[in-house]
Amino acid sequence: MNIEDAAQATQTYYCLDCGVCTGSCPVSRVLPSFSPRIMVEKALLGLGDELLKDRDLWSCLTCSRCFERCPSSIDFPEFMRLLREEAIKLGTQPAYSHHGMLQTIMELQTQGINQRKTDWAREAGKVAEKGDTFFFVGCMPYFQVIFRYLGVDSLSVSQNIIKILNGAGIEPVVSDDEHCCGHDMLWNGQVETFEKLASHNLEVIRASGAKRVVFNCPEGFYTFKRHYTEHFGDLGFEIIHFYDLVAQMFEEGSISVENGVGPITYHDPCRLGRMAKVYDGPRDILTRLAGDNFVEMERNRENAVCCGTSGWANCSTGSKQIQVERLKEAQATGAKTLVTACQKCQIHLTCALSNFEMDLELKDLTSLLAEAIT
Amino acid sequence: MVLGGGIAGIQTSLDLAEMGIQVHLVETLPCIGGKMAQLDKTFPTNDCAI
Amino acid sequence: MTRELLDLMGIDKERLVLEWVSSAEGGRFAEVVTSFTQKIKDLGKNPLGVAA
Amino acid sequence: MAAEFEPKIIAFCCNWCAYAGADLAGVSRLQYPPNIRVIRVMCSGRISPDFVLKAFQMGADGVLVSG
Amino acid sequence: MTYSHLEEVSGEVGAFQLKVRKKARYVNEDLCTGCGACVEKCPTTVEDAFNVGLGERKAIYKYFPQGIPSTHCIDAENCRQLGQGKKCGICAKVCQAGAVDYEQQDQFVDLEVGAIVLATGYDVFDPSVIPEYGYGRIDNVVTAIEFERLLSASGPTHGHLDRPSELALRVEIAALDKDLKKFNRQIDKLEEKHGKKTAEFVKEFKAGQAGEDGDFERWASLAEKAAVAEEKLAPLNKKEAAAHTAKKLAFIQCVGSRDFRFNRFCSSYCCMHSVKEAMIAHEHDNETTSSIFCMDLRAVGRGFEEYKLRGGKSANIQYIRGRVAEITEDEAHNPIVWYESTTTRTVEHETFDMVVLATACVPSAGTPKLAELMGLDLDENGFFKTDSLIPLDTSRPGIFVCGCAQGPMDIPESVAQASSAAARAAEVVFTAPKAASGGGK
C-alpha cells in the first residue's frame with residue numbers, strides 16, 4: 001500500500017484543513033512541531049516521502065482523539081499506521097522504548113518458543129484446557145516481570161479475573177500457547193509479525209473449541225474486534241470484554257459488591273473508550289463500588305486524554321508531560337484513587353507518579369472490583 | 001392550505017390571498033411567527049426582525 | 001528479571017549467567033568460560049532452533 | 001547430527017574488568033573453549049535485557065554476562 | 001388556524017381532502033382580549049420554550065408578547081386544574097371577559113383544498129451530542145438562538161448579556177434568600193413570644209440552662225438552619241457582586257454542519273448570523289470583543305461581504321481561521337477554547353466570558369412523520385426532496401415546499417421561495433377542475 005492508497009483508505013482527501021485534529025492532539029500541545037493537520041496536508045501535496053522519513057511519524061499516540069472529532073471522519077490513527085508500514089518497508093527503525101525488549105519478546109513468540117505462561121492461573125483458580133469460554137490473558141505475565149520495579153502488579157489482574165469467573169461458575173480456558181495479540185507490532189508497522197501472531201492465536205483459540213473469548217486488555221479486545229476481522233474475516237467465535245460479562249453477572253445476580261470505595265476517578269483507555277466505545281460498563285461498576293464517591297475528570301469519555309505513549313514506542317519528555325498533566329487533572333477532582341482499565345495506562349501513569357509527590361493512588365478496575373465482591 | 005406559520009408560510013399565504021385565493025394556514029404553535037420571531041435583528045441591515 | 005522472562009518464554013534460565021571477573025583474574029575468566037560451555041553442551045541447542 | 005554439539009555462546013564483557021581479564025587469559029596462554037564470542041561493552045551496566053533476548057533470538061545457545 | 005395539527009390527507013392535486021385537529025386552548029379566542037390578567041395570577045411557572053428555556057412563563061400564557069393571534073392559551077399538562085387534577089380556577093375567576101373554558105375539547109376541521117404548501121421550517125441542531133464542546137455541561141456555552149434571546153430587548157435579560165452561570169447563581173441565591181426569610185420570620189415570632197434575643201437563647205440552650213419548653217427545640221433548629229443558609233449565601237453573594245456581563249465572546253461556526261458525523265451540508269446562514277450577533281452585542285456594549293472561529297466565513301449574498309468587513313473594522317470582531325477542537329471550563333465558569341490557528345500553525349487556548357455555538361439548521365422533528373402522512377420523499381439530509389431545476393415541487397403533484405423545509409436558507413431566500421411557492425400553488429388552483437374550487441386553495 002503506497003501513500004496514495006493509504007490516503008484513499010482513510011478518506012484523507014476529505015480534509016477541510018480545519019485544524020481540529022491538531023487542536024485536539026495531546027502531542028501537539030507539548031511538542032509544537034507535531035501536527036496531524038500538516039501531516040495530512042503533506043501527504044495530499046505529494047510530499048509523502050518526506051513524511052515517511054520524518055521522526056514525527058512515530059510520535060503519534062494513535063489515541064484517536066482527532067478521529068473522534070474530525071468533521072470529515074478521517075481515520076488519522078489508521079493513516080499513521082499505514083504510513084508506518086510503508087516506512088518499515090523502507091527500513092526505518094521505530095523509536096522503541098525499553099530498548100525494544102517488548103518487541104523482541106513478541107518477535108520471539110513467532111519463532112516457536114514453548115512459553116510457560118500459565119502457572120499462575122492454576123494458583124488463582126480453576127482453568128480448563130477445552131471449553132466454551134477462552135480467557136485471552138495477553139501480556140500480563142510479561143508485564144509482571146518487566147515492570148515489577150514500578151510496583152505494578154499486572155498479573156494479579158488476570159488472576160482476579162479467573163477468580164471472578166470461577167465465582168460465577170465459569171471455568172475459562174487459559175493457554176500456554178497463546179501469543180501476544182500483535183497490537184503493538186501492528187501499530188509499529190510490522191504487519192508480518194502481526195499476522196504470524198494473529199493466525200497462531202486463532203488456531204489456538206479454535207483448537208480449544210471456545211465459543212467466546214473474554215478479554216480484559218483493551219488492546220487485545222480492540223485488535224481482535226477490528227484488525228483480526230479485517231485480516232482474517234469472520235473469526236467464528238464471539239469477542240466479549242470482561243466488563244460486559246460483569247454487567248451480565250450483575251444482572252443475573254451472580255455477583256454482588258460492597259459500596260464503600262472512594263473518592264475515585266476513572267481514566268478511559270483510548271482502545272477501550274474511543275476505539276471500542278466502551279464507556280458505560282466501567283462506569284456502571286464504579287458507581288456500584290463507590291456511589292457518589294465516583295467523580296469524573298474534566299476530560300472524560302470521548303474527551304479523555306491518552307496515558308502518554310502507545311505500542312511501546314516513543315516514550316519522550318512529551319509523554320511525561322502528558323502523564324503528569326493527567327495525574328494533576330485526576331487530583332483536581334479530589335479523588336484519592338485513579339482507576340484505570342488498561343495495564344499499559346497503569347504502567348505509564350505509575351511511572352510518571354513515581355517521580356512526584358502526589359497524594360494519589362493508581363488502581364486497576366478489575367482488582368478494585370475483586371476486592372469489593374462480597 | 002399552507003402548513004407552517006413561519007416567515008415562509010406567512011409570505012406564501014399573503015401572496016396567495018392577494019391573488020384572491022382562500023388560504024388555510026395551519027400552525028402547531030399557539031402563535032405564528034416561527035423562528036424569525038425569536039430573532040432580534042436581521043442581517044445585513046440590522047433591521048428589527050418582528 | 002531477564003532470567004524470569006526467559007523462563008516465561010520457555011528458554012532455560014540456566015543459559016544466562018552473570019559472573020564478576022576482574023581485570024587481574026585471567027585464570028578465573030578461563031575457568032568461567034570452560035564451565036559455562038560445558039553446561040550449555042549438556043543443555044543442548046537453543047530451543048528456538050534458529051540457524052545462525 | 002555432528003559428533004559433538006558445539007554451542008554458540010555470547011559473552012558480554014566489561015571493558016575494564018572481564019574484557020581485560022580475557023585479555024590477560026590470552027596473554028597468559030590459558031586455554032578456554034573456542035565457543036565463545038566476546039562482545040566488548042564499556043560497562044556491564046550498558047547491557048539491557050533486550051541484548052540478552054536479542055542474542056537468543058539470533059540463535060545463541062547461551063549468554064554470559066561478565067563484569 | 002394556530003395550535004393545530006394536520007391529521008389526515010387524501011385525494012390528489014386539485015382536490016385534496018384534509019383533516020386538521022384544532023387543539024383545545026381552553027380559552028375562547030373570540031372572547032379573549034389578551035389583557036394578561038390571568039398570567040399575572042397564575043400560580044404555576046414552567047420553562048419558556050420561546051426563550052429556549054432561558055426564561056419562565058406561566059401555565060396560562062401567550063407564546064410571545066407580540067404573538068398573533070393575540071390570544072392566551074392554557075398548557076394543559078402543567079396546569080393545576082387541567083393536568084394535575086387540583087382545584088385552582090384562578091384564571092377563570094380573574095378573566096373579565098369570561099374567556100377561560102376548562103371544558104373546551106379538541107376540534108376536527110375538514111378542509112378541501114386544491115394545493116398544499118409545506119413551510120414547516122427547521123429545527124436547531126442539538127449540540128449536546130458533541131462531547132468536546134461541552135454544551136449542557138458548561139453553563140456559558142450557548143447556542144446561537146439562545147444568545148439571540150439573551151440579546152433581545154424582549155428576552156429574559158432585557159438585552160443585557162448576563163451569563164447563564166450567573167442567571168443560575170441568582171436563582172440559587174433567590175431560593176436561599178426565600179428560605180432564610182422564612183426562618184427569620186419564624187425566629188422573630190419566637191423572640192417576641194419569649195422576649196429574648198436568639199443569640200442569647202442559643203447560648204443558654206447550649207449550656208442547658210434554657211429549661212423546657214415545647215418551642216425551644218424548634219427555635220434552636222431554626223437558628224441553626226438560618227445560620228447555615230447565611231453561611232451558604234455569603235460566598236454566593238460575593239460571587240454575584242463580582243459578576244459582570246459577557247464582554248469577551250467566542251463564536252464557533254459549523255457546529256453540527258459540514259461534519260460527516262452529523263450533517264454534511266452547510267447551513268448557509270450561520271456565518272452571517274454570528275457576525276450579526278457579534279455586531280449587536282458590540283452595539284449594546286462598546287467594550288464587547290468577539291472572536292469568530294471558522295474554516296471560511298461564507299458571506300454569500302448582496303452586501304454580506306461588506307457587512308463582514310464592517311464587523312471587523314468597527315465592532316471589534318476578529319476572524320480566526322481554525323475549527324475549535326474542544327472547550328473546557330475554569331473555576332470561574334469561564335469557557336476556555338482550544339484550537340489550532342491554521343494561519344500561524346500553532347495550538348492556542350483562550351479564555352472567554354461566553355461561547356456561542358453556531359448550530360446547524362436541521363430538518364424539523366416532525367418532517368419524517370409528515371412525509372409519511374403525505375406520501376412524500378425526503379432527500380439524503382432529511383429535508384423534503386425536490387428536483388434542482390424545479391426546487392419547489394415535492395415528489396407528489398400539487399404539494400409544494402418552501403423555506404427551510406426544503407433546505408437551509410436565510411430569510412430573504414425563504415421569502416423569495418415563499419412567493420414562488422404561492423405562484424406555483426395558484427397555478428394549480430386556477431387550472432384545477434371545478435370540483436376543487438369550493439375550497440379555494
Side-chain angles (χ1 to χ4, degrees), chain B, chain E residues 1-6 16 18 20 25 50 52 62-64 66-69 71 73 111 113 115-122 145 148-149 151-153 155 272-273 275-276 279-280 283 301 303-304 306-307 370 402-405 411 414-415 417-419 421-423 425-426 429 439-441:
Chain B
M1 181 195 67
V2 176
L3 203 55
I7 173 68
I10 295 171
Q11 182 68 37
T12 311
S13 307
L14 291 175
D15 284 358
L16 284 166
E18 262 170 42
M19 283 182 251
I21 297 169
Q22 190 193 344
V23 188
H24 301 284
L25 175 65
V26 177
E27 162 66 44
T28 31
L29 288 174
C31 295
I32 58 169
K35 290 279 184 305
M36 189 168 163
Q38 287 179 299
L39 303 180
D40 188 35
K41 306 272 169 61
T42 60
F43 56 80
T45 48
N46 290 356
D47 285 338
C48 179
I50 300 177
Chain E
M1 276 180 280
T2 51
Y3 215 36
S4 306
H5 279 298
L6 180 65
F16 288 107
L18 313 170
V20 177
R25 278 175 182 266
F50 182 73
V52 271
K62 203 156 104 179
Y63 191 59
F64 66 102
Q66 301 89 337
I68 294 171
T71 306
C73 155
L111 298 174
V113 300
I116 300 172
V117 177
L118 301 177
T120 50
Y122 68 102
I145 201 89
E148 191 78 43
R149 293 317 303 155
L151 268 183
S152 170
M272 295 310 291
H273 190 188
V275 177
K276 181 208 76 180
M279 281 177 77
I280 305 284
E283 239 170 54
F304 286 12
E306 290 79 355
Y307 187 71
L370 186 60
C402 64
C404 288
I411 294 165
S414 278
V415 171
Q417 265 208 353
S419 293
V429 172
K441 114 124 272 218

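Sequence lines set the chain letters: A, B, ... in the order given, protein chains first and strands last, and positions in each chain run from 1.
Between chain E and the options Leu14(B), Ile10(B), Leu29(B), the largest number of non-hydrogen pairs under 4.5 Å is found for Leu29(B). Options Thr120(E), Val52(E), Thr71(E), Val275(E) differ in how many heavy-atom pairs under 4.5 Å they form with chain B, and the most are formed by Thr120(E). With chain B as partner, the option from Lys62(E), Met272(E), His5(E) having the largest number of non-hydrogen pairs under 4.5 angstrom is Met272(E).
The two residues Tyr3(E) and Pro30(B) come nearest to each other via the heavy atoms CD1-N, 3.8 Å. The two residues Ser414(E) and Ala8(B) come nearest to each other via the heavy atoms O-CB, 4.2 Å. The two residues Ala37(B) and Arg149(E) have their closest heavy-atom pair at O-NH1, 4.0 Å. Leu39(B) and His273(E) get closest at one heavy-atom pair: CD2-NE2, 4.1 Å.
Residue contact with chain B, scored on non-hydrogen atoms closer than 4.5 Å, involves the backbone and the side chain of Val415(E) alike. The parts of Tyr63(E) that come within reach of chain B are both its backbone and its side chain, each placing non-hydrogen atoms under 4.5 angstrom from that chain. With a threshold of 4.5 angstrom between heavy atoms, Glu306(E) does not approach chain B through any atom at all. Contact annotation for Ile145(E): only side-chain heavy atoms (C-beta onward) come within less than 4.5 Å of a heavy atom of chain B.
Residues Met1(B) and Leu6(E) form a side-chain contact, since some pair of their non-hydrogen atoms from C-beta on lies under 4.5 Å apart. Leu16(B) is not listed as a side-chain neighbour of Val429(E), based on a closest heavy-atom distance of 4.5 Å or more. Side-chain contact between Val26(B) and Leu18(E) is absent, with no heavy-atom pair separated by less than 4.5 Å.
A distance of 12.5 Å separates OG1 in Thr28(B) from CE in Met1(E), rounded to the nearest 0.5 Å. Here the straight-line distance linking atom OG of Ser419(E) with atom CD of Glu18(B) works out to 9.0 Å at 0.5 Å rounding.
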